[in-house]
Amino acid sequence: MNVSELIGEWYDRNKRNLAWREEGLPYQIWISEIILQQTRVNQGTPYYFRFIRQFPDIKTLADAPVNEVLHCWQGLGYYTRARNLHKAARIIMEEYNGKFPEEYRVIRKLPGIGDYTAAAIASLAFGEAWAAVDGNVYRVLARYLGITDPINTGPGKKVFLQAANDLLDRKDPGKHNQAMIELGALICLPRNPACDVCPLQASCHARQKNAMGDLPVKVKKPKPSHRYFTYLVVAMGDVIFLRQRAVGDIWALLYDFPLIETETEEPIGKLLSGKFWESTFTGCEAVIISSAREYRHILSHRILHTRFIRIEVRKPISYPGVIQVKRTDIKAFPFPELISRYLKEEKLLTISQQS
DNA sequence: AATTCGTGGGG
DNA sequence: TCCCCAAGAAT
């Protein structure tokens, strides 16, 4: 037996009875597919029933105020799904005479319907041969065929779409697609897949190599780490204290201010009462001008929680690498964008800065 | 191509 | 508590 036959037989015996499958109507399938985008069946099911009861057909949906649709969607998340659903219903009423379009190319154009959803509707409702590749199918294909291309890049997705279409049963693409999805949802789970009851276990690449945990491959974007900066903007009359940043950290060789970096968000009082304050400000007659002005700055791979404290002193502070700069000369120094933004907003630049 | 959009469940 | 991530699409 080929893959399609194996999973088809398994599907017949093990499929869940999901309401929107029963009648195979395009409207019901459409609504269910939109609801289930990035949403678990258990979470979406009650919404499906409520939605169908309140908007039993395309015309009812199109005639309803969008706010009613949104209200029905309340709590589900991704609210543009609801807006697009409503928008698409009106398009179907106006351009397709209220009849759900039957061709993939036409379905695909409706707002809120991408490659996956168009293929799902075209195959499930109209029997067209388009492979529907969702998160479940990526997982099944990656493991069964041993595909190591990443599932979250453009080129990688093309590889999976090709593989899915190669495997597709063109006699019954609707059943094939549902069986693939169902297998991923019930057996080929992200963690702890139930390989011992999988209809594909005998010929599964990952199963032979014991590589279920390594597939599918996803290029991981380094999760942004958080850093907590407290800058001390120290002025002595007409002079500001700057510091050049070291190599080997963000903003190498650019200028900023004396800085206290902490692991977490610390109370200001704690920072200013400790050793740092003593070693930096002893004998300076320091006076805090303003407390914390807070900024959040997003870099490509980190989130900076930054606050600025303005301090006035009568004598120079002691801080490694610190330099004294007259306010009128500040504009000559290169700053990271965050610091520039602060300087501008605080009007610490006496002359407007050109960049 | 990389971001953004929500919420809930499980390890 | 934290992190992953789940029937994706639009920009």
Side-chain angles (χ1 to χ4, degrees), chain A residues 7 11 15-21 28-48 51 70-88 107-125 130-142 149-158 160-161 164 173-194 212-226 263-264 298-303:
Chain A
I7 63 175
Y11 180 69
K15 66 180 172 187
R16 296 167 289 185
N17 56 340
L18 302 174
W20 46 91
R21 280 178 181 161
Q28 273 74 2
I29 290 171
W30 173 40
I31 301 301
S32 72
E33 289 298 340
I34 301 298
I35 287 178
L36 292 176
Q37 285 170 4
Q38 298 291 281
T39 305
R40 293 168 202 278
V41 170
N42 285 336
Q43 187 189 359
T45 298
Y47 282 88
Y48 171 80
F51 197 98
L70 283 166
H71 185 259
C72 191
W73 208 265
Q74 201 169 80
L76 242 197
Y78 287 122
Y79 297 96
T80 56
R81 290 186 295 178
R83 295 181 186 281
N84 283 334
L85 217 38
H86 184 247
K87 201 180 298 178
I107 299 171
R108 177 63 178 80
K109 286 188 172 64
L110 293 169
I113 296 183
D115 291 342
Y116 162 76
T117 304
I121 297 172
S123 66
L124 302 193
W130 294 85
V133 184
D134 73 342
N136 291 306
V137 179
Y138 281 123
R139 201 162 51 245
V140 172
L141 292 173
D149 302 71
I151 65 172
N152 58 345
T153 68
K157 284 177 178 169
K158 279 188 67 179
F160 281 89
L161 190 58
K175 177 177 172 182
H176 174 95
N177 280 334
Q178 294 208 63
M180 289 287 286
I181 293 168
E182 194 80 338
L183 188 70
L186 297 182
I187 303 294
C188 199
L189 303 167
R191 283 166 297 200
N192 304 322
M212 290 80 74
D214 302 322
L215 296 170
V217 173
K218 204 179 291 186
V219 297
K220 63 181 73 173
K221 28 210 93 179
K223 57 194 168 206
S225 58
H226 294 255
E263 295 291 322
T264 59
I298 313 289
L299 299 179
S300 56
H301 55 298
R302 45 190 36 122
I303 298 173

Check: Is it true that a side-chain atom of A:Asp115 and a backbone atom of A:Arg108 form a donor plus acceptor pair closer than 3.5 Å?
Finding: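 No; zero donor-acceptor contacts below 3.5 Å.
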Assign each of A:Tyr79 and A:Thr153 the nucleotide of DNA chain B bearing its closest heavy atom; nearer the 5' end lies the nucleotide of A:Thr153
The contact string for nucleotides 5-11 of chain C, one letter per nucleotide 5' to 3', using protein heavy atoms under 4.0 Å with B, S and - for base, sugar-phosphate only and none, comes out as BBBBSS-
task: Before accepting this row, confirm whether a basic side-chain N of the pair A:Glu182/A:Arg21 lies closer than 4.0 Å to the acidic partner's carboxylate O.
output: yes
Handout entry: A:Leu85 side chain reached by A:Trp73 side chain, heavy atoms, under 4.5 Å
Key =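 Yes. Closest side-chain heavy atoms under 4.5 Å.
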Validation row: A:Tyr116, A:Ile181 side chains within 4.5 angstrom (heavy atoms) |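 Yes; the side chains approach each other to less than 4.5 Å.
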[N] and [M]: how far apart are their [atom1] atoms, nearest whole angstrom?
N	M	atom1	result
B:dT3	C:dC4	P	16 Å
C:dA9	B:dG8	P	22 Å
C:dA7	B:dT4	P	23 Å

Taking CH2 from A:Trp73 and P from B:dT7, how many angstroms apart are they, rounded to a whole number?
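Taking CH2 of A:Trp73 and P of B:dT7, I get 13 Å after rounding.
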- Message: In whole Å, I'd like the distance from the CZ atom of A:Arg81 to the C1' atom of B:dG6.
- Response: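 My rounded result for the distance is 8 Å.
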Any donor-acceptor pair under 3.5 Å linking the side-chain atoms of A:Arg40 with those of A:Thr45?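 Their side chains do not contain a donor-acceptor pair, so the 3.5 Å distance test is not met.
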| message | I'd like to know if the side chain of A:Gln37 pairs up with that of A:Tyr78 as donor and acceptor (distance under 3.5 Å, no hydrogens or angles considered). | response |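 The answer is no; no qualifying pair exists.
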